[in-house]
There are 2 protein chains.
Amino acid sequence: MATPRKHTAQKVKPNTPCCGLVEELELLDTEAAALAVLFKALANPVRLQILDILSRHNGDICVCDIEGQFALSQPTISHHLGVLRRAGLVTKEQRGLWVYYSLRPEILAQAKEFLEGLTG
Amino acid sequence: MATPRKHTAQKVKPNTPCCGLVEELELLDTEAAALAVLFKALANPVRLQILDILSRHNGDICVCDIEGQFALSQPTISHHLGVLRRAGLVTKEQRGLWVYYSLRPEILAQAKEFLEGLTG
DNA sequence: GGCCTATATTGACAAACTTCGATATATCTG
DNA sequence: CAGATATATCGAAGTTTGTCAATATAGGCC
């Protein structure tokens with residue numbers, strides 16, 4: 001069966017969508033852009049591992065210890081932490097000479113809820 | 001208070017992590033890399049909108065109708081669908097001249113579960 | 001077979017990302 | 001204040017991504 005229901009149900013004109021679907025996008029451009037900012041920050045294995053470390057030492061591990069877990073330079077880890085912070089996924093707090101990053105669960109939840117909505 | 005507990009509890013030597021944390025990464029490189037593949041595929045607003053469309057017409061909307069929702073060229077949409085498929089987030093099925101993509105909930109769940117694990 | 005339509009692939013180009021070494025900033029210590 | 005340490009920023013090099021026009025592939029129809 002080569003022709004699905006929708007295509008036989010209405011005339012297919014050249015240069016128009018084959019099924020004539022005219023529905024608007026339900027996920028608006030602005031919403032999609034905001035979510036993409038979150039997923040972009042998650043789209044790197046080092047940052048995922050940093051988040052995993054933070055989740056197990058939340059607010060109680062300094063940047064230099066995070067650096068110690070990777071075979072990457074200090075500026076590179078600092079860069080990844082900056083990406084996470086600018087995306088809103090973590091906050092930073094300076095205590096003396098050391099800086100401590102913490103997860104922001106309410107922001108992580110936004111990404112999670114989008115995924116839940118897809119499979120709902 | 002400039003010196004947190006951990007730092008006073010043990011000697012800080014130069015050229016070593018300040019807190020002497022020696023714990024191994026719990027999220028292994030291979031796991032992080034596999035998750036990053038998923039999040040990379042999610043890290044684009046157009047692909048998020050495509051996933052949203054698929055979630056509401058799962059298996060019942062052809063590629064040309066997806067194209068009709070965007071002000072982007074046909075090859076660009078085809079490219080984004082390919083990214084989603086190679087990441088494992090969707091499958092494709094050809095019926096006659098048309099191609100239908102469907103979500104793979106079990107793969108989306110892997111990304112979701114990682115996020116849940118962080119805030120758990 | 002020959003034409004039309006739907007989708008994929010290719011090649012090119014600009015923009016964004018990842019990483020590093022070098023350097024700057026800021027805080028503590030003596 | 002001078003020196004040391006923790007972290008951030010800058011600038012450069014290489015890689016990846018997003019987009020398009022052009023072209024290829026493949027199925028259906030006459």
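Chain naming here is simple, since letters A, B, ... match the order of the sequence lines and numbering starts at 1 in each. All values below were derived from every heavy atom in this structure, side-chain atoms included, with hydrogens, water molecules and symmetry-related copies excluded.
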Worked verdict on A/Leu54 versus A/Ile66 for side-chain contact (heavy atoms from CB on, under 4.5 Å): CA-CA 9 Å; A/Leu54 291 179; A/Ile66 296 173; 4.0 Å; yes
Among residues two or more places apart or on two chains, list those pairs meeting side chain to side chain donor-acceptor pair (under 3.5 Å) that have a residue in residues 30-44 of chain B. none
Starting the side chain at C-beta, find the nucleotide from C/dA8, D/dA8, C/dG21 nearest to B/Val99. C/dA8
Taking distance alone, no hydrogens or angles, what donor-acceptor pairs closer than 3.5 Å link side-chain atoms of residues 73-83 of chain B to residues at least two apart or in another chain?
from    : atom 1 : to      : atom 2 : distance (Å)
B/Ser73 : OG     : B/Thr76 : N      : 3.3
B/Ser73 : OG     : B/Thr76 : OG1    : 2.9
B/His80 : ND1    : B/Arg47 : NH1    : 3.0

Would you mind telling me which of C/dA26, D/dC20, C/dT19 lies closest to the side-chain atoms of A/Leu72? C/dT19
Spell out, yes or no, whether A/Val37 and B/Leu42 are grouped together once hydrophobic residues are joined by side-chain heavy atoms under 4.5 Å, including indirect joins. no
Could you tell me how far apart B/Phe39 (CZ) and D/dT16 (C1') are, to the nearest whole angstrom? 20 Å
Closest to the 5' end of DNA chain C, once A/Gln94 and A/His80 are matched to their nearest nucleotides, is A/His80
Shortest side-chain distance from A/Tyr101, nucleotide among D/dT19, C/dT27, D/dA8: D/dA8
Cut-off 3.5 Å, no hydrogens considered: what does the side-chain donor-acceptor table look like for residues 101-116 of chain B, sequence neighbours left out?
from     : atom 1 : to       : atom 2 : distance (Å)
B/Arg104 : NE     : B/Glu106 : OE2    : 3.4
B/Arg104 : NH1    : B/Gly88  : O      : 3.4

How close or far is atom P of D/dT17 from atom CG of B/Asn44, stated in whole angstroms? 11 Å
Sequence neighbours left out, what passes side-chain hydrogen bond (donor to acceptor under 3.5 Å, both in side chains) with A/Asp29? Give chain and number order. B/Gln49
Report the distance from atom CH2 of A/Trp98 to atom P of C/dT27, rounded to the nearest whole Å. 13 Å
Separation of C/dA6 P from B/Asp65 CG (nearest whole Å): 10 Å
Taking CG from B/Leu97 and P from C/dA6, how many angstroms apart are they, rounded to a whole number? 6 Å
Rounding to a whole Å, what distance do you find between A/Leu48:CG and C/dT18:P? 11 Å
Roughly how far, to the nearest 0.5 Å, is SG of A/Cys62 from CD of A/Glu93? 12.5 Å
Give me the distances for all protein-to-nucleotides 9-16 of chain C N/O pairs that come in under 3.5 Å?
none

On the nucleotide C/dT7, are OP1 or OP2 found under 4.0 Å from the side-chain N or O atoms that B/Lys92 carries? no
Return the value, rounded to whole Å, for the distance between atom CD1 of B/Ile61 and atom C1' of C/dT7. 15 Å
From CZ of A/Arg47 across to C1' of C/dC17 the rounded distance in Å is 8 Å
